[in-house]
Amino acid sequence: HGGIYKKIKRPKKLVFTWNSEFSGGETQVTLDFKTVPTGTELTLTHEGFKNRSIKRNHQGGWTGCLKNLKKFVG
């Protein structure tokens, strides 16, 4: 996987391109961070997929990554 950082707005937003053989071309990932009483809330938006199947596969991948992150830092 590879990409280019498009926007870094500390500590609120990170935007980058996402390229992989599985994404069907360049897509964009946006991470929005919000301080909440219990810590930090993350909203991840990944857009620009060529079809729903590719989007669904990436959604599953991101969900797994975030669950593992929660285990790691939780």
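Throughout, numbering of the chain's residues begins at 1 and tracks the sequence.
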If you link I, L, V, M, F, W and Y whenever their side-chain heavy atoms are under 4.5 Å apart, who else ends up in the same group as Ile54? Phe49

Show your reasoning for whether side-chain contact (heavy atoms from CB on, under 4.5 Å) applies to Lys7 and Leu14. CA-CA 6 Å; Lys7 180 187 266 188; Leu14 182 62; over 6 Å; no

Cluster overlap Trp62 with Val15, hydrophobic side-chain contacts below 4.5 Å: no

Report the C-alpha distance between Thr43 and Phe33 in whole Å, list the side-chain angles of each, state the deciding distance to 0.1 Å, and finish with yes or no for side-chain contact (heavy atoms from CB on, under 4.5 Å). CA-CA 7 Å; Thr43 302; Phe33 302 92; over 6 Å; no

Quick one: are Thr40 and Leu42 in side-chain contact, heavy atoms under 4.5 Å? no

Stepwise side-chain contact (heavy atoms from CB on, under 4.5 Å) check, His46 with Leu44: CA-CA 7 Å; His46 193 164; Leu44 187 152; 4.2 Å; yes

Any donor and acceptor pair, going by atom type alone, linking the side chain of Thr17 with main-chain N or O of Ile4 inside 3.5 Å? yes

Could I get the full list of salt bridge (Lys or Arg N to Asp or Glu O under 4.0 Å) partners for Lys12, not counting sequence neighbours? none

Mind checking what makes side chain to side chain donor-acceptor pair (under 3.5 Å) contact with Asn57, not counting sequence neighbours? none

Partner of Trp18 under side chain to side chain contact (heavy atoms under 4.5 Å, CB included), chosen from His58, Glu47, Gln28: His58

With rounding to the nearest 0.5 Å, note down the distance linking CD in Glu26 to NZ in Lys50. 10.5 Å

